[in-house]
Trainee: 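Take a look at the following structure, please.
Keep in mind that the numbers below use all heavy atoms, side chains included, and drop hydrogens, waters and symmetry copies.
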Amino acid sequence: MFLSRHRHAALASVLAMLCSASVNSVSAGARTWTGIGPEGGDIRVLAIDPKAPESLYAGTEDGGIFKSTNGGASWKPLKVGLPAVNVSVYALAFDPAFPRTIYAGIKFYGLFKSTDSGESWTAANTGLPRSSTVNALAIASSLTETVYAATFGGLFKSTNGGKSWSTVSAALPRLQRSADVPVEFKRVTILAVDSTNPTTLYTGTDADGVFKSTTAGREWKSANTGLPKTHVNALAIDLRAPATLYAGTDDGLFKSTNGGGSWTPVNLGLSRAAVPAYTVVIDPRDSRVVYAGTSDGLFRSVDGGKNWRPIISGGTGFPVKALAIDATRPHILYAGTLRGVLKSTTAGQSWSAVNKGLTNTFVETLVVDPRTPNTLYAWTRIGWTAGLLFKTTDGGKSWGPIGGGLPSTYPSRLVSDPLSPTTLYAGTKRNGLFKSTNGGKSWSPINAGLPRAKVEVFSLAIDPGIESTLYAGTSGGLFMSVNGGEGWTPVKAEPNTQVVNTLAVDPTSHRTLYAGLKDGVFKSTDGGETWSAGKLGPQYLLTLAIDPTNARILYAGTYLSGLFQSTDGGEKWRAINTGLPEPGKQNTALAFAIDPTDSNTVYVATSSGVFKSTNGGERWVAFNAGLTNSFVKALVIDSTVPKRIYAGTQGGGVFVLQESVSSGD
């Protein structure tokens, strides 16, 4: 299966608070993309400038780094010098001696350093493992330019501000993965340095608990008495009493009062005794006050961890993975969630969303209402397993979550009925199919006839000419409904034995259907009763599109092999990649949009941005001005204003581009 099957629920109680409005609008005649939200997204790390507490940095999943200089009231992305795509930031650290110097640990890209408060960045990877993921950073406050970086390849140390690195993992345990794989170090997940004694370090690992060094990393000893050998997510050292530590693990919270010599569980009042704890913060002025972000929300203790009570909750499934506390005003807290940043100025008693300009949503699929200008649906992915459906009726100026009855599950496809645009169909990766007849306000499952109620849906298409007829490609095969999804029957022949990634129905011949599989394109002219294979060969199809003015012209987008075109109804195909990046990961095509007023104008969304052709695919040019996130997953043209195009990105939300002035504006 091409996409992950993992599942993780999302919490509903604070969604409305987190769904902040978009701040941008598109001007008539603009030829650049403009971000329009939804704002928020998956926040993995937060850091407050120790010298300027109104300056706050957020590291996101796939969306890079954002900065606020006004306590979260507004944000801007930091891009200069960082990788262009898929920037997942797992660690941020300030140099206490030079607060304009910041280090950022990035998934697969290693370490980056800024000396101008994040305005520009340079790689600092000399000596780190190639394509390393830096999970955590720590700086020895009294040792100039001494930095530690925790990676999946072990722990590394720099004594020259990141110019070069050497391993300090020699005494950490190793993992023999299998007989034919070399021995490797356990993955180091988190670390902490004693601010009063910079040669004392603690590390957390992915399966062997905590280790301690009193020799600046030269030697290590297990510090696991009373602590299960589990995945350690967080370590916090009490600044006022450095022998007191908290460890957040996959098996709950633990506390040590003797420098890691022994640990006791401190989970009373948490939602579950062994709830995964992701982050721990101690009030710098009152050690009795501790905050813990868990998979079920945020909790607070006022007695040193003996008892906890929820301060952001609402049930299982709302992870808080990032926390930051203002050291000068500890009643001010920031929490990073899967839906953005929350701020409290009351020590956690009340919270407000602070996401203006922080657009880091993963848009899996987009739908524009064909009859109502400025009405747009964006189904977003939260983390790797959950999803949330948003709707705007003002072109993206404001968004709100919708979807009563629609589970918070991994989204796959969303389509609207062209004959009744308030009727929507949603396909999920875990819970099957759902239908709404009121513009997404409420949903009902429509899985009767499918092999199981929670089947995975990979593709979904409506026949535009036959009322209530639609097709669904699922993990159990290809199915057809002739009654608006109320009942399903399997189609026959070849596609029913494979996963159908994409479907397209001929708008002029309504029983003609194309199915894109991992082995190429198949065609049926009898509503799925029989099928024939086109001469495309074993290409892994991800998307298909039919020319709205000439149904014999088709476009096919593939995984890694670029674009193909057929001019004879899918019988023969040819590559049309002139102007696109070389085949490979940067040439993965994910969606097409064809101008309904000029079918020679075609747009394609790829893993490296949007490309445009004005001659029916003969040549392509990059079309990315203003697009701050280049992994584009969805692309749709507003049929009421054909020169208005919407793009859904992975980690950057929705963008809009309008090529020319239109009376529909």
Trainee: Could you state the interatomic distance from CG (Asp208) to OG1 (Thr230), rounded to the nearest 0.5 Å?
Mentor: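 OG1 of Thr230 is found 10.0 Å from CG of Asp208.
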Trainee: Gly105 and Leu137: which non-hydrogen atoms are nearest, and at how many Å?
Mentor: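 Closest approach of Gly105 to Leu137: N-CD1, 3.8 Å.
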Trainee: Tell me, with the steps shown, if Lys157 and Thr146 meet side-chain contact (heavy atoms from CB on, under 4.5 Å).
Mentor: CA-CA 7 Å; Lys157 179 180 180 180; Thr146 297; 3.9 Å; yes
Trainee: Would you say that Phe112 contacts Val89 through its side chain, given a criterion of any heavy-atom pair below 4.5 Å between the two side chains?
Mentor: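 Phe112 vs Val89: side chains apart.
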Trainee: If every non-hydrogen atom of Gly261 is compared with every non-hydrogen atom of Thr225, which pair is closest and at what distance?
Mentor: O-CB, 3.4 Å
Trainee: Of all residues at least two apart in sequence or in a different chain, which pass the side chain to side chain contact (heavy atoms under 4.5 Å, CB included) check with Phe108?
Mentor: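 Partners of Phe108 under the side chain to side chain contact (heavy atoms under 4.5 Å, CB included) test: Thr133.
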Trainee: Got a sec, which pairs hit side-chain hydrogen bond (donor to acceptor under 3.5 Å, both in side chains) with one end in residues 119-128, sequence neighbours left out?
Mentor: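 For residues 119-128: Lys76-Glu119, Asp116-Ser120.
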Trainee: Who are the ring-ring contact (aromatic ring centres under 6.0 Å, His included) partners of Phe254, not counting sequence neighbours?
Mentor: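 Checked Phe254 against ring-ring contact (aromatic ring centres under 6.0 Å, His included); zero matches.
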Trainee: Only pairs at least two apart or in different chains count here, so list each side-chain hydrogen bond (donor to acceptor under 3.5 Å, both in side chains) that has a residue in residues 281-290.
Mentor: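 For residues 281-290: Asp238-Ser287, Asp286-Arg288.
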Trainee: Got a donor-acceptor contact below 3.5 angstrom from the Lys321 side chain to the Gly293 backbone?
Mentor: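 Side chain of Lys321 to backbone of Gly293: no pair is present.
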Trainee: Can you check whether Arg100's main-chain N or O pairs, donor with acceptor, with Lys51's side chain at less than 3.5 Å?
Mentor: no
Trainee: What residues form a side chain to side chain contact (heavy atoms under 4.5 Å, CB included) with Thr203, not counting sequence neighbours?
Mentor: Leu155, Leu172, Val188, Leu191, Phe211, Trp220
Trainee: If we only count heavy atoms from C-beta on, is the Glu39 to Leu358 side-chain gap below 4.5 Å?
Mentor: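 Sidechains of Leu358 and Glu39: no contact.
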Trainee: With sequence neighbours left out, what residues match Pro276 under side chain to side chain contact (heavy atoms under 4.5 Å, CB included)?
Mentor: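 Side chain to side chain contact (heavy atoms under 4.5 Å, CB included) check on Pro276 returns Asp250, Arg272, Tyr278, Ser295.
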Trainee: Return yes if a side-chain donor-acceptor contact under 3.5 Å exists between Tyr410 and Arg430, otherwise no.
Mentor: no
Trainee: Looking at Thr359, is its backbone amide N or carbonyl O close enough to the side chain of Asn355 to form a donor-acceptor pair, meaning the two atoms are under 3.5 Å apart?
Mentor: no
Trainee: Rounded to the nearest 0.5 Å, what's the gap from CH2 on Trp351 to OG1 on Thr345? Could you check?
Mentor: 10.0 Å
Trainee: Would you find a donor on one side and an acceptor on the other, under 3.5 Å apart, between the side chain of Thr151 and the backbone of Ser132?
Mentor: no
Trainee: Do Leu323 and Leu333 make a side-chain contact, defined as non-hydrogen atoms from C-beta onward lying under 4.5 Å apart?
Mentor: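 Heavy-atom side-chain distance check fails, nothing below 4.5 Å.
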Trainee: Are more than 12 heavy atoms, taken from residues, nucleotides or ligands other than Glu54, located less than 6.0 Å from that residue's CD atom?
Mentor: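 Yes, CD of Glu54 has more than 12 neighbouring heavy atoms, counting only those of other groups under 6.0 Å.
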Trainee: Hey, what do you get for OG1 (Thr365) to OH (Tyr377), rounding to the nearest 0.5 Å?
Mentor: 13.0 Å
Trainee: Check whether any side-chain heavy atom of Tyr103 sits under 4.5 Å from a side-chain heavy atom of Val147, and report yes or no.
Mentor: yes
Trainee: Quick check on Lys229: does its NZ atom have over 12 non-hydrogen neighbours (other residues, nucleotides or ligands) under 6.0 Å away?
Mentor: no
Trainee: Would you find a donor on one side and an acceptor on the other, under 3.5 Å apart, between the side chain of Trp165 and the backbone of Ala124?
Mentor: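 Yes; judged by distance alone, with no hydrogens or angles, the pair exists.
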Trainee: Could you tell me whether the side chains of Glu61 and Ser88 share a donor-acceptor contact shorter than 3.5 Å?
Mentor: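 Indeed, the side chains of Glu61 and Ser88 share at least one donor-acceptor pair under 3.5 Å.
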Trainee: Is the closest side-chain heavy-atom distance between Ile332 and Ser344 below 4.5 Å?
Mentor: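 A side-chain contact under 4.5 Å is absent here.
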Trainee: Decide whether Asp296 and Thr294 meet the rule of one side-chain donor and one side-chain acceptor closer than 3.5 Å.
Mentor: no
Trainee: Checking Ser301 now: which residues fulfil side chain to side chain donor-acceptor pair (under 3.5 Å) with it, not counting sequence neighbours?
Mentor: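 For Ser301 the side chain to side chain donor-acceptor pair (under 3.5 Å) partners, ignoring immediate neighbours, are Asp303.
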Trainee: I'd like to check Thr249 versus Leu227 (side-chain heavy atoms, cut-off strictly below 4.5 Å). Are they in contact?
Mentor: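 Answer yes - side chains close enough.
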Trainee: Could I get the full list of side chain to side chain contact (heavy atoms under 4.5 Å, CB included) partners for Val632, not counting sequence neighbours?
Mentor: Ala605, Val610, Leu627, Ala647, Thr649
Trainee: Using atom types as modelled and distance alone, determine if a side-chain donor or acceptor of Lys79 lies under 3.5 Å from a backbone N or O of Ala84.
Mentor: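 Here the side-chain-to-backbone pair does not exist.
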Trainee: For Lys429, is there an ion pair with Glu364 - N to carboxylate O distance below 4.0 angstrom?
Mentor: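 A salt bridge is absent here (no side-chain N lies under 4.0 Å from a carboxylate O).
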Trainee: Does Ser166 have any side chain to side chain donor-acceptor pair (under 3.5 Å) partners at least two apart in sequence or in another chain, and if so, which?
Mentor: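 For Ser166 there are no side chain to side chain donor-acceptor pair (under 3.5 Å) partners, ignoring immediate neighbours.
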Trainee: Spell out, as yes or no, whether a donor-acceptor pair under 3.5 Å connects the side chain of Trp399 to the backbone of Ile36.
Mentor: yes
Trainee: Could you walk me through whether Lys391 and Ile402 pass the side-chain contact (heavy atoms from CB on, under 4.5 Å) check?
Mentor: CA-CA 7 Å; Lys391 181 178 181 179; Ile402 58 172; 3.7 Å; yes
Trainee: For the residue pair Ala277 and Asn233, what are the closest heavy atoms and their distance?
Mentor: O-ND2, 3.0 Å
Trainee: I need the Tyr90 OH to Thr189 OG1 distance, nearest 0.5 Å.
Mentor: 13.0 Å
Trainee: Are the side chains of Leu92 and Leu46 in touch, meaning some heavy atoms are under 4.5 Å apart?
Mentor: no
Trainee: Can you check whether Ser262's main-chain N or O pairs, donor with acceptor, with Asn258's side chain at less than 3.5 Å?
Mentor: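 Checked: pair present.
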Trainee: Between Lys212 and Thr200, is any pair of side-chain heavy atoms under 4.5 Å apart?
Mentor: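 Of all side-chain heavy-atom pairs linking Thr200 with Lys212, at least one is under 4.5 Å.
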Trainee: Distance-only, no hydrogens or angles: does the Ser55 side chain make a donor-acceptor pair with backbone N or O of Asp49 under 3.5 Å?
Mentor: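 Not confirmed, Ser55 side chain does not pair with Asp49 backbone.
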Trainee: If every non-hydrogen atom of Ser350 is compared with every non-hydrogen atom of Thr346, which pair is closest and at what distance?
Mentor: N-OG1, 2.9 Å
Trainee: Looking at Asp42 and Thr60, would you say the former's side chain and the latter's main chain have a donor-acceptor pair under 3.5 Å?
Mentor: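 Flag not set: sc Asp42 to bb Thr60 has no pair under 3.5 Å.
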Trainee: Is it true that Gln650 and Asp62 share a donor-acceptor pair across their side chains at a distance under 3.5 Å?
Mentor: yes
Trainee: Among pairs that include at least one residue of residues 222-246, which meet ring-ring contact (aromatic ring centres under 6.0 Å, His included), considering only residues two or more places apart or in two chains?
Mentor: none
Trainee: Please tell me whether Asn431 and Thr409 have a donor and an acceptor in their side chains that are separated by less than 3.5 angstrom.
Mentor: yes
Trainee: Between Asp194 and Thr196, is any side-chain donor less than 3.5 angstrom from a side-chain acceptor?
Mentor: yes
Trainee: Can you sort out the partners of Ser158 under side chain to side chain donor-acceptor pair (under 3.5 Å), two or more places apart, ordered by chain and number?
Mentor: Asn160
Trainee: Given Phe94 and Tyr57, is the ring-ring contact (aromatic ring centres under 6.0 Å, His included) satisfied, shown in steps?
Mentor: CA-CA 11 Å; Phe94 288 92; Tyr57 297 77; 5.5 Å; yes
Trainee: So which atom in Leu253 and which in Gly248 form the shortest heavy-atom distance, rounded to 0.1 Å?
Mentor: CD2-CA, 4.0 Å
Trainee: Shortest non-hydrogen contact from Ala223 to Gly260?
Mentor: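 Nearest heavy atoms, Ala223 then Gly260: CB-O, 3.4 Å.
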Trainee: Just how far is it from atom CG of Asp326 to atom CZ of Arg329, taken to the nearest 0.5 Å?
Mentor: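 Answer rounded to 0.5 Å: 4.5 Å.
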Trainee: With sequence neighbours excluded, what pairs up with Thr199 under the side chain to side chain donor-acceptor pair (under 3.5 Å) test?
Mentor: Asn197
Trainee: Calculate, to the nearest 0.5 Å, the distance between atoms CD1 and CD1 belonging to Ile237 and Ile282 respectively.
Mentor: 8.5 Å
